[in-house]
Amino acid sequence: KLRGVTCVAVRLFLKPDVITSGLSGGQYDSTQLPRKVAEAMKDSPVLVCGAEIGAIPELKEAGFCIYDLQRLHDEFKVGAQD
């Protein structure tokens with residue numbers, strides 16, 4: 001039985017929040033992600049979300065990654081390292 005796979009990449013720009021610094025795992029240690037998101041991602045600028053997120057049947061097999069580009073790429077860096 002064959003299964004189809006679709007891969008989609010979306011870049012979302014969120015409204016900047018206060019700068020959170022001292023984060024681990026990236027090229028840079030600061031971000032303007034919302035504070036709760038920054039704290040959830042404090043150990044890595046990459047967050048992997050597995051299948052069965054929430055209670056939406058259509059997303060039963062969906063997984064995705066969140067990348068904090070401000071901690072990964074020169075053009076998006078923020079904070080004292082500027």
Any side-chain heavy atom of [X] within less than 4.5 Å of one from [Y]?
X   : Y   : answer
R35 : T20 : yes
L33 : M41 : yes
Q32 : Q70 : yes

Checklist line | Nearest atoms (heavy-atom pairs only) where L23 meets A38 | finding: CD2-O, 4.0 Å

Checklist line | Transitive ILVMFWY cluster of L12, excluding itself - 4.5 Å side-chain cut-off | finding: V8, V10

What residues form a side chain to side chain contact (heavy atoms under 4.5 Å, CB included) with [X], not counting sequence neighbours?
X   : result
P34 : L14, D17, V37
D43 : none
F64 : C49, I53, I66

Check: So among D68, L69, T31, which one has a side chain to side chain contact (heavy atoms under 4.5 Å, CB included) with F76?
Finding: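 Answer to the side chain to side chain contact (heavy atoms under 4.5 Å, CB included) test with F76 among D68, L69, T31: L69.
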
Next item on the list: May I have the step-by-step check of side chain to side chain contact (heavy atoms under 4.5 Å, CB included) for Q27 and D74, ending in yes or no?
Entry: CA-CA 9 Å; Q27 180 159 345; D74 293 341; 3.5 Å; yes

Notebook entry, point to check: With the 4.5 Å side-chain cut-off for hydrophobic clustering, are F13 and L72 part of the same group?
Noted result: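 Linked, F13 and L72 end up in one cluster.
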
Item checked: S21 and D29 side chains, donor-acceptor separation under 3.5 Å -> no

Item checked: Test item: R71 side-chain N/O and V46 main-chain N/O as donor-acceptor pair under 3.5 Å ->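 Judged by distance alone, no pair lies under 3.5 Å.
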
